[in-house]
Number of protein chains: 2
Amino acid sequence: MKKSATINATPICKIKMQGISDAMSLLSGKWKFHILGTLMEGDTLGFMDLLREIEGIGTKMLSKELQDLEMNNLVTRTVMNTKPITVKYSITEYGKTLSPLIDELAKWGIDYRKSVRERG
Amino acid sequence: MKKSATINATPICKIKMQGISDAMSLLSGKWKFHILGTLMEGDTLGFMDLLREIEGIGTKMLSKELQDLEMNNLVTRTVMNTKPITVKYSITEYGKTLSPLIDELAKWGIDYRKSVRERG
DNA sequence: GAAATTACTTTCCTTTTGGAAACTACCAAC
DNA sequence: GTTGGTAGTTTCCAAAAGGAAAGTAATTTC
C-alpha cells in the first residue's frame with residue numbers, strides 16, 4: 001500500500017497551509033515588513049521620509065514595494081496639492097490588522113538574538 | 001538643515017527593525033513555515049513523510065531547508081538504527097516558540113482570503 | 001541660471017532562489 | 001536479479017529579487 005499525506009491532508013491543515021502561502025505571497029521580500037512597521041509608527045510619511053527612515057532601501061525597491069502594498073490595500077498613496085507636489089503614504093485600516101503579526105515577528109527576532117548571545 | 005530619520009532612529013525602533021531582519025533571515029524562503037508547521041502537527045516525521053505532506057516541495061529544497069533549520073536549532077535530525085536506515089525529524093523546544101508567529105501568519109492569511117472574497 | 005528638493009522610473013547588472021531530473025547508496029522482498 | 005523503499009546529493013537551468021547609478025520632470029530657493 002502506497003503511503004500518502006495524512007497530516008496536511010486534513011481540511012484544517014490544508015486551510016492553514018494555504019493561509020501561510022497567501023500571507024507570504026503578499027508579505028514576502030526584504031522590505032515589506034520594514035515599510036509597514038515604519039508606517040505604523042509614523043502614520044503618514046512622504047516618499048523621502050520613508051527613504052530616510054528605512055536604512056538601506058533604495059528608490060527602486062521603495063517605489064515598487066509601495067505599489068505592491070497599495071495594490072493589496074495595505075497602504076494608501078495620496079498626492080497632495082502642494083508645491084512642489086508631495087505624496088503621503090499611510091497604512092490602511094486593513095493594513096493595521098498586520099500589527100500583531102509584525103509585533104510577533106519582531107519579538108521573536110529580538111528573543112532569538114538574545115538566545116544566541118546567551119548560548120554564545 | 002538636512003532631514004534625517006526620526007522614527008526608526010529611536011533605540012526601540014532600531015531594535016524592533018533588527019528583530020524583523022533577524023527573524024526573516026532565518027525564516028525566509030518558500031518552504032520554512034510549511035516545514036515547521038507540519039512538524040508541529042506531526043511531531044516526528046521521516047524525510048519521505050515530509051516530502052509527501054508538503055505539497056509541491058522537491059527533495060533538493062526539503063533537504064536544504066531542513067539543514068538550515070537544523071543549523072539554527074529549530075529542528076533536530078536523528079538517524080534511527082533501523083534497516084533500512086530511517087531518519088526522523090522533530091521540532092525542537094526552541095522551534096516550538098515559533099508557534100504563535102506561525103499561527104498569526106496562518107490566521108492573517110485565512111482572514112485575507114475571506115476579505116478578498118467578500119469584496120469580490 | 002544653478003542648485004536643491006520632491007518623487008519617481010529606467011537600465012543594467014549580479015545574486016539568490018527554486019525546480020526538474022538524474023544519480024548514489026544501502027537494504028529488503030520476491 | 002529486478003523492483004521498490006529509505007535518504008538524500010548533484011547538476012543544470014530559468015526566473016525572481018535586488019541594488020547602483022543615471023535619467024525625468026516639476027518647482028523653489030539663492
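Chain identifiers are assigned alphabetically (A, B, ...) following the order of the sequence lines, protein sequences preceding nucleic acid strands; residue numbering begins at 1 within each chain. All values reported here derive from a predicted model rather than from experimental measurement.
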note = By side-chain hydrogen bond (donor to acceptor under 3.5 Å, both in side chains), B:Thr86 pairs with (sequence neighbours left out) B:Thr82
inquiry  = Just the rounded figure in Å: distance from P of C:dT16 to CE of B:Met24.
reply    = 16 Å
message = In the structure I gave you, are the side-chain heavy atoms of B:Leu27 and B:Leu98 within less than 4.5 Å of one another anywhere?
response = yes
query = Any side-chain heavy atom of B:Lys16 within less than 4.5 Å of one from A:Asp103?
reply = yes
query = Can you give one letter per nucleotide of nucleotides 13-24 of chain D, going 5' to 3': B for a protein heavy atom under 4.0 Å from the base, S for sugar-phosphate only, - for none?
reply = -----BBB----
note = Nucleotide by nucleotide, nucleotides 23-30 of chain C touches protein heavy atoms under 4.0 Å in the pattern (B base, S sugar-phosphate only, - none) -----S--
message = Could you tell me how far apart B:Asp68 (CG) and D:dT9 (C1') are, to the nearest whole angstrom?
response = 15 Å
query = Can you tell me how far P of D:dT6 sits from OH of B:Tyr89, to the nearest Å?
reply = 14 Å
ask   = Quick one: are B:Leu50 and B:Trp31 in side-chain contact, heavy atoms under 4.5 Å?
value = no
key: Closest listed nucleotide, where the reference is the side chain of B:Ser63 and the choices are D:dG8, C:dC8, D:dT6   = D:dG8
query = Is B:Leu101 linked to A:Val116 within one hydrophobic cluster, defined over Ile, Leu, Val, Met, Phe, Trp and Tyr using a side-chain heavy-atom separation of less than 4.5 Å?
reply = yes
inquiry  = If you define the side chain from C-beta out and look only at heavy atoms, does anything of A:Ile57 sit under 4.5 Å from A:Ile35?
reply    = yes
inquiry  = Please pick, from D:dT6, C:dC8, C:dA7, the nucleotide with the shortest atom-to-atom distance to any side-chain atom of A:Met48.
reply    = C:dA7
query = Within the distance-only criterion (no hydrogens, no angle test), does the side chain of B:Thr44 pair as donor or acceptor with the backbone N or O of B:Tyr89 below 3.5 angstrom?
reply = no
request  = Look at the side chain of B:Arg52 and decide which nucleotide, out of D:dT6, C:dC8, D:dG8, has an atom nearest to it.
outcome  = D:dT6
inquiry  = What I want to check is whether the side chains of A:Thr6 and B:Glu53 have a donor and an acceptor closer together than 3.5 Å.
reply    = yes
